[in-house]
Amino acid sequence: DYAVELRRVPSLESITLPSTLTKIGINAFSGCASLASISIPAGVTEIGKSAFSDCDSLTAVTIPDSVTTIGNGAFGYCLDISKRLFCPFL
């Protein structure tokens with residue numbers, strides 16, 4: 001998983017997640033204010049609580065079919081995300 005090491009890195013604009021990733025942990029990218037978009041790899045099954053909360057610049061997220069669990073507030077306070085959240089089971 002990705003854990004709190006990347007939490008609150010305001011200069012993080014983009015990241016390529018490895019195809020071997022299976023879980024995005026609690027608060028993993030919380031507060032990464034410059035993160036604009038993210039494509040979650042097909043092997044991920046869980047997005048933890050508040051994983052992307054307070055990512056002010058986040059405008060596009062692609063969530064694969066493999067994700068079965070999205071924690072509370074995973075995208076909390078991402079004000080522009082509602083228009084571009086691609087999730088096959090929503």
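Treat the numbers as computed from the prediction; the structure is a model and nothing was measured. Excluded from the calculations below are hydrogen atoms, water molecules and symmetry mates; all remaining heavy atoms, backbone and side chain alike, are included.
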Yes or no on side chain to side chain contact (heavy atoms under 4.5 Å, CB included) for I24 and F29, after CA distance, side-chain angles and deciding distance? CA-CA 9 Å; I24 297 174; F29 297 96; 4.0 Å; yes
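Here CD1 of I26 is found 8.0 Å from OG of S50. Values are rounded to the nearest 0.5 Å.
Nearest heavy-atom pair, G25 versus A51, reported as atom, atom and distance to 0.1 Å: O-CB, 3.7 Å. Closest heavy-atom contact between L12 and S14: CD1-O, 3.4 Å.
Partners of S30 under the side chain to side chain donor-acceptor pair (under 3.5 Å) rule, at least two apart in sequence or in another chain, are S53.
Under the 4.5 Å side-chain heavy-atom criterion for Ile, Leu, Val, Met, Phe, Trp and Tyr, V9 and F75 are members of the same hydrophobic cluster.
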For residues 31-48, which side-chain N or O atoms pair as donor and acceptor with protein atoms under 3.5 Å away, sequence neighbours left out?
residue : atom : partner : partner atom : Å
S34     : OG   : P10     : O            : 2.6
T45     : OG1  : T22     : O            : 3.3

